[in-house]
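Here is the structure we will look at, set down as structure tokens.
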2 protein chains.
Amino acid sequence: MPQSNAIPKATVFRLCLYLRELTELSDKDIKTVSSSKVAGKLGLTDAQVRKDLAYFGQFGYPGVGYHVDELIDELKRILGTNHMWDVVLIGCGNLGTALAAYKGFDRQGFHIVGAFDASADRVGQKIGELTVQSMDELAKTVSRTGSRIAVICVPGESAQTVVDQAAAAGIRGILNFAATAITAPPGVVQNSVDLAIRLEQLSFQLTKTKQPAKR
Amino acid sequence: MPQSNAIPKATVFRLCLYLRELTELSDKDIKTVSSSKVAGKLGLTDAQVRKDLAYFGQFGYPGVGYHVDELIDELKRILGTNHMWDVVLIGCGNLGTALAAYKGFDRQGFHIVGAFDASADRVGQKIGELTVQSMDELAKTVSRTGSRIAVICVPGESAQTVVDQAAAAGIRGILNFAATAITAPPGVVQNSVDLAIRLEQLSFQLTKTKQPAKR
DNA sequence: TGGTGTGAATCCTTTCACAGCC
DNA sequence: GGCTGTGAAAGGATTCACACCA
């Protein structure tokens with residue numbers, strides 16, 4: 001029984017890229033754009049861009065292309081970023097602190113409303129406008145703010161525990177920066193970013209191109 | 001003419017996951033493991049694990065599984081992390097500074113040997129053991145250390161310029177954290193991480209599961 | 001002419017299923 | 001009995017190619 005109307009993960013990723021490109025165009029006051037223009041900037045094909053969009057409707061104008069601002073609105077609606085998301089940050093070490101200060105999140109519709117850490121040393125410290133809270137207060141803050149998303153920047157050893165705590169507190173989506181596999185409870189979606197792995201992938205590409213043929 | 005002996009990008013990514021899992025097992029003094037054990041932890045199938053490894057050789061023992069430490073060595077060799085890579089960091093804002101302090105890079109074989117920033121305010125500041133250098137010194141440092149990889153954490157507007165400077169200085173692989181599409185010159189490989197996009201992907205998943213059927 | 005939307009064809013990846021081995 | 005390695009089959013994703021529209 002193939003449940004065949006699912007959207008490929010790769011398509012969702014590319015929609016985010018399109019949104020980013022379109023936003024740049026809009027900032028430059030460009031009003032319309034073709035699928036091949038967008039594709040060119042991103043190293044994709046024009047057919048790919050049109051197919052990706054076709055999953056969600058017909059947004060283009062034959063002979064013209066796409067209206068930039070109109071397509072931005074559609075993409076935001078599709079991605080669910082037409083409204084702001086309240087996000088909590090768990091783990092306030094170097095990386096967590098840097099992310100709390102990162103402008104790009106707010107710009108794309110994600111606002112950090114609480115910062116938490118298990119270490120008593122860090123609780124009470126200020127990070128920008130935020131004050132680091134103890135983990136005990138997580139559930140209260142999540143329910144008060146209605147946050148659905150948590151960004152987790154704790155050491156690998158504590159990641160699974162924190163995931164479970166976050167889920168119990170009502171979190172429904174997790175962006176995980178810990179370098180370990182985590183299991184999200186049913187009903188909770190998860191997206192992991194392992195920074196070291198991104199370098200390993202580069203290393204592989206650099207290594208294999210040195211020995212060009214398999215032989 | 002299909003050039004069919006290429007390794008899928010997804011396979012490389014999973015190899016990195018396998019290495020991470022195996023390292024955890026090795027730390028626990030576990031000597032052998034089966035493909036289904038590894039797959040289970042990562043939410044994959046056993047056949048997938050075996051197929052991925054089969055691109056590179058036969059590493060398993062029928063009836064037994066894989067020798068953990070042996071497979072770790074093979075994976076490191078395949079990924080090119082059996083030796084350390086010297087890496088330069090360009091852009092020393094919040095994120096760059098956090099990455100400079102990140103332990104996970106060193107642990108996986110990547111050592112940051114230089115930090116650079118275009119802003120005169122930051123040049124001369126200390127980040128851990130490193131002193132932030134001016135961009136003028138990039139080429140000299142790259143050729144002195146033989147670095148092949150750059151991690152780029154500059155604002156989107158300057159990303160492409162920095163990429164070109166890095167490539168001219170002799171860099172061959174770029175890990176890009178700037179939230180913009182960059183074009184790497186021929187012979188330079190590139191891997192981009194857009195943190196906001198990872199949250200957008202989560203947002204999509206949370207949004208679509210709310211309206212379960214397409215209808 | 002320049003561009004979209006989309007079935008059909010191709011290409012790639014994953015899963016199945018089983019021979020062979022310890 | 002348990003597990004690997006691997007052809008064959010199935011399933012998805014991308015590209016092609018063209019009808020159609022402004």
Side-chain angles (χ1 to χ4, degrees), chain A residues 1-18 21-22 25 30-72 74-75 78 201 204 214, chain B residues 1-18 21-22 25 30-72 74-75 78 201 204 214:
Chain A
M1 186 194 311
Q3 58 138 98
S4 211
N5 58 352
I7 311 294
K9 229 188 148 207
T11 290
V12 176
F13 175 73
R14 286 189 301 263
L15 292 179
C16 300
L17 297 181
Y18 305 156
E21 290 306 313
L22 289 162
L25 294 176
I30 293 167
K31 299 299 182 198
T32 69
V33 70
S34 67
S35 56
S36 57
K37 275 268 176 53
V38 173
K41 281 242 190 176
L42 294 168
L44 306 169
T45 67
D46 54 346
Q48 176 99 77
V49 173
R50 296 198 299 274
K51 256 284 150 71
D52 284 338
L53 295 173
Y55 279 105
F56 301 94
Q58 307 188 172
F59 309 121
Y61 300 87
V64 178
Y66 300 87
H67 293 344
V68 172
D69 290 330
E70 189 184 321
L71 189 51
I72 287 176
E74 293 288 355
L75 286 173
I78 291 164
Q201 290 174 284
F204 174 82
K214 169 83 173 277
Chain B
M1 185 194 313
Q3 59 138 99
S4 212
N5 58 351
I7 311 293
K9 229 188 147 205
T11 290
V12 176
F13 174 72
R14 285 188 301 260
L15 292 180
C16 299
L17 297 180
Y18 305 156
E21 290 306 312
L22 288 162
L25 293 176
I30 292 167
K31 298 299 181 197
T32 69
V33 69
S34 68
S35 57
S36 57
K37 274 269 176 52
V38 173
K41 280 242 193 176
L42 294 168
L44 307 168
T45 66
D46 54 345
Q48 177 99 77
V49 173
R50 295 198 300 274
K51 257 283 151 70
D52 285 338
L53 295 173
Y55 280 105
F56 301 94
Q58 307 187 171
F59 309 120
Y61 301 87
V64 179
Y66 300 87
H67 293 344
V68 172
D69 290 330
E70 190 184 320
L71 189 51
I72 288 176
E74 293 288 355
L75 286 173
I78 291 165
Q201 291 174 283
F204 174 81
K214 171 82 173 278

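Reminder, nothing fancy here: chain letters follow the sequence lines and each chain counts from 1.
- Look at CZ on B:Phe59: it is 15 Å from C1' on D:dT6, rounded to the nearest Å.
- If you run side chain to side chain contact (heavy atoms under 4.5 Å, CB included) between A:Tyr18 and each of A:Ile72, A:Leu71, A:Leu42, only A:Leu42 comes through.
- The salt bridge (Lys or Arg N to Asp or Glu O under 4.0 Å) test applied to B:Asp69 returns no partner, not counting sequence neighbours.
- For the segment residues 30-38 of chain A, residues with any heavy atom less than 4.0 angstrom from an atom of DNA chain C are, sorted by number, A:Ser34, A:Ser35.
- Nucleotide D:dC3 holds its P atom 16 Å from the CG atom of B:Leu53, rounded to whole Å.
- Computed from coordinates, the A:Gln58 CD to D:dC20 P distance equals 14 Å when rounded to whole Å.
- Listed by first and then second residue, the salt bridge (charged side-chain N to carboxylate O under 4.0 Å, His left out) pairs involving residues 52-65 of chain B are B:Arg14-B:Asp52 (not counting sequence neighbours).
- Residues satisfying the salt bridge (Lys or Arg N to Asp or Glu O under 4.0 Å) test with B:Lys31, not counting sequence neighbours, are B:Asp29.
- Qualifying salt bridge (Lys or Arg N to Asp or Glu O under 4.0 Å) partners for B:Glu74, counting only residues two or more places apart in sequence or in other chains: B:Arg77.
- Remark: B:Ser36 engages B:Ser34 in a side-chain hydrogen bond (donor to acceptor under 3.5 Å, both in side chains) (not counting sequence neighbours).
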* Summary of protein contacts for nucleotides 13-22 of chain C, nucleotide by nucleotide, where a base hit scores B, a sugar-phosphate-only hit scores S (4.0 Å, heavy atoms) -> SSB-B--BBS
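- Spacing between atom CG of A:Asp46 and atom C1' of D:dT14 amounts to 12 Å, rounded to whole angstrom units.
- B:Tyr66 pairs by the side-chain hydrogen bond (donor to acceptor under 3.5 Å, both in side chains) definition with nothing, not counting sequence neighbours.
- Partners of A:Ala54 according to the side chain to side chain contact (heavy atoms under 4.5 Å, CB included) rule, which considers only residues two or more places apart in sequence or in another chain, do not exist here.
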